[in-house]
> 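Pasting in a structure now, in structure tokens, and then I'll have a few things to ask.
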Amino acid sequence: MPLSKDLRTVAVIGPLADDQREMLGNWVAAGRPEDVTTPLDGIRAALGPDVR
């Protein structure tokens with residue numbers, strides 16, 4: 001999603017925002033939680049370390 005590089009604060013709300021295991025869904029038996037990028041991790045990676 002396009003996010004401005006000028007952002008300083010972003011709210012990520014919901015029970016799946018930072019839950020690697022739940023992001024696997026029905027693939028939980030075949031997947032590994034450590035291989036999952038959560039929405040929160042993806043937003044942090046896109047915006048950089050200075051965004052809260």
Side-chain angles (χ1 to χ4, degrees):
M1 80 181 118
L3 295 172
S4 170
K5 293 293 183 181
D6 297 331
L7 287 173
R8 293 294 127 222
T9 304
V10 176
V12 182
I13 301 167
L16 300 179
D18 199 28
D19 191 337
Q20 291 175 308
R21 182 172 167 75
E22 288 300 322
M23 292 301 297
L24 291 169
N26 291 336
W27 291 95
V28 71
R32 297 179 340 155
E34 58 270 16
D35 293 336
V36 172
T37 299
T38 65
L40 182 59
D41 289 338
I43 290 169
R44 283 180 176 152
L47 295 179
D50 296 333
V51 176
R52 187 175 73 99

> Would you say that Arg8 contacts Val51 through its side chain, given a criterion of any heavy-atom pair below 4.5 Å between the two side chains?
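When only atoms from C-beta onward are counted, Val51 and Arg8 do touch, with a gap below 4.5 Å.
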> Between atom CG of Asp6 and atom CG of Leu47, what is the distance when rounded to the nearest 0.5 Å?
10.5 Å
> Test side-chain contact (heavy atoms from CB on, under 4.5 Å) on Ile43 and Val12; report intermediate values, then the result.
CA-CA 9 Å; Ile43 290 169; Val12 182; 3.9 Å; yes
> May I ask you to test the Pro39-Met23 pair for a side-chain heavy-atom distance under 4.5 Å?
yes
> Drop me the distance from Arg52's CZ to Leu7's CG, to the nearest 0.5 angstrom.
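Separation between the atoms: 12.5 Å.
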> Nearest 0.5 angstrom please: Leu16 CG to Leu40 CG, how far?
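Here the rounded value is 12.0 Å.
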> What salt bridge (Lys or Arg N to Asp or Glu O under 4.0 Å) pairs are there with at least one residue in residues 21-41, not counting sequence neighbours?
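Found Arg32-Glu34, Arg32-Asp35.
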